[in-house]
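Predicted model only: the values in this text are computed from it and were never measured.
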Amino acid sequence: MLGAIKQWFDPEEVRRVGTTPDYRFSLANERTFLAWIRTGLALVAGGLATAQFLPPLPIAHLREVIAVALLLLGGAVAVRAVDRWARTERAMRLGRDLPASRFPALLAILVGIGAALLVVAVLVQAFE
């Protein structure tokens, strides 16, 4: 576990294994990392906007639950992004298959469930 986290902060740790891949692949890996970071930032921004600007919903504390869920999900996406970047870079350097991940599917399901719950909250408020 600590070895994986060390890769996040020590670029030389990644370079100590395998051979240097074509720089285009490393740059593509970095662009993917940045896309995940943008997604995490968008979720954090959505959480802050929910907490600050969404009026109270008909279900007690639903606004706060949504805000906290978005903030936590944004943080998880950011941490997962750096881990994915390091694991992918290591796999490329070692000539291995890229690491598989269920995280994109999990994120999509969580966002879909969150959207469905918000639709329910909006409909409840509209028919009160």
Side-chain angles (χ1 to χ4, degrees):
M1 177 71 173
L2 290 177
I5 294 174
K6 185 178 179 185
Q7 292 179 42
W8 300 355
F9 299 104
D10 185 5
E12 293 305 316
E13 179 73 18
V14 173
R15 291 189 177 118
R16 286 188 192 118
V17 299
T19 58
T20 303
D22 184 329
Y23 70 91
R24 293 172 291 183
F25 299 123
S26 290
L27 292 174
N29 188 28
E30 188 173 321
R31 284 190 304 273
T32 302
F33 165 75
L34 293 172
W36 279 105
I37 291 295
R38 284 190 303 271
T39 301
L41 286 171
L43 289 164
V44 168
L48 290 174
T50 298
Q52 292 299 310
F53 303 116
L54 191 67
L57 297 172
I59 301 168
H61 302 292
L62 180 59
R63 177 181 63 182
E64 291 78 12
V65 168
I66 293 167
V68 169
L70 288 171
L71 291 167
L72 291 173
L73 190 56
V77 167
V79 170
R80 184 68 182 103
V82 71
D83 183 58
R84 174 75 176 178
W85 170 84
R87 292 179 343 132
T88 300
E89 194 68 28
R90 183 176 182 84
M92 288 189 306
R93 294 184 69 80
L94 295 174
R96 295 183 182 157
D97 288 341
L98 296 181
S101 177
R102 291 184 179 100
F103 190 75
L106 178 64
L107 179 62
I109 289 168
L110 289 174
V111 170
I113 290 170
L117 292 173
L118 286 173
V119 166
V120 169
V122 167
L123 290 174
V124 166
Q125 189 171 14
F127 291 109
E128 278 191 350

Query raised in the report: Would a hydrophobic clustering, with Ile, Leu, Val, Met, Phe, Trp and Tyr connected at side-chain separations under 4.5 Å, put Val65 with Leu70?
Result: no

**Report entry** Flag side-chain contact, heavy atom, 4.5 Å: Leu107 against Leu43
**Finding:** yes

Query raised in the report: Can you tell me how far CZ of Arg87 sits from CZ of Arg84, rounded to the nearest 0.5 angstrom?
Result: 6.5 Å

Query raised in the report: Is it the case that one hydrophobic cluster holds both Leu110 and Leu62, taking links as side-chain heavy atoms less than 4.5 Å apart, direct or via other members?
Result: yes

Report task. Would you check if the side chain of Arg96 reaches a backbone N or O of Arg90 as a donor-acceptor pair within less than 3.5 Å? Result -> no

**Report entry** Interatomic distance, Thr32 atom OG1 to Ile37 atom CD1 [nearest 0.5 angstrom]
**Finding:** 12.0 Å

Report task. Would you indicate whether Asp97, at its atom CG, is surrounded by more than 12 heavy atoms from other residues, nucleotides or ligands within a distance under 6.0 Å? Result -> no

Query - Phe25 CZ to Glu30 CD distance, which is reported to the nearest 0.5 Å - result: 15.5 Å

Requested in this report: Measure the spacing between CD1 of Ile66 and OG1 of Thr50 and express it to the nearest 0.5 Å.
Outcome: 6.5 Å

Query - Short side-chain donor-acceptor distance under 3.5 Å, Ser101 and Arg80 - result: yes

Report task. Decide whether Val68 and Leu48 are clustered together by the hydrophobic rule: side chain heavy atoms of Ile, Leu, Val, Met, Phe, Trp, Tyr closer than 4.5 Å, transitively. Result -> no

**Report entry** Any Arg93 side-chain heavy atom under 4.5 Å of Thr19 side chain
**Finding:** no

Query - Closest non-hydrogen atom pair between Glu89 and Pro21, with its separation - result: OE2-CG, 4.0 Å

Query raised in the report: Do Trp36 and Val82 come within less than 4.5 Å of each other through their side chains, counting heavy atoms only?
Result: no

**Report entry** Separation between CG of Asn29 and CZ of Arg24, rounded to the nearest 0.5 Å
**Finding:** 15.0 Å

Query - Any side-chain heavy-atom pair of Arg63 and Pro55 under 4.5 Å - result: no

Query raised in the report: Quick one: do Leu98 and Leu34 end up in the same hydrophobic cluster if we chain Ile, Leu, Val, Met, Phe, Trp and Tyr together by side-chain heavy atoms under 4.5 Å apart?
Result: no

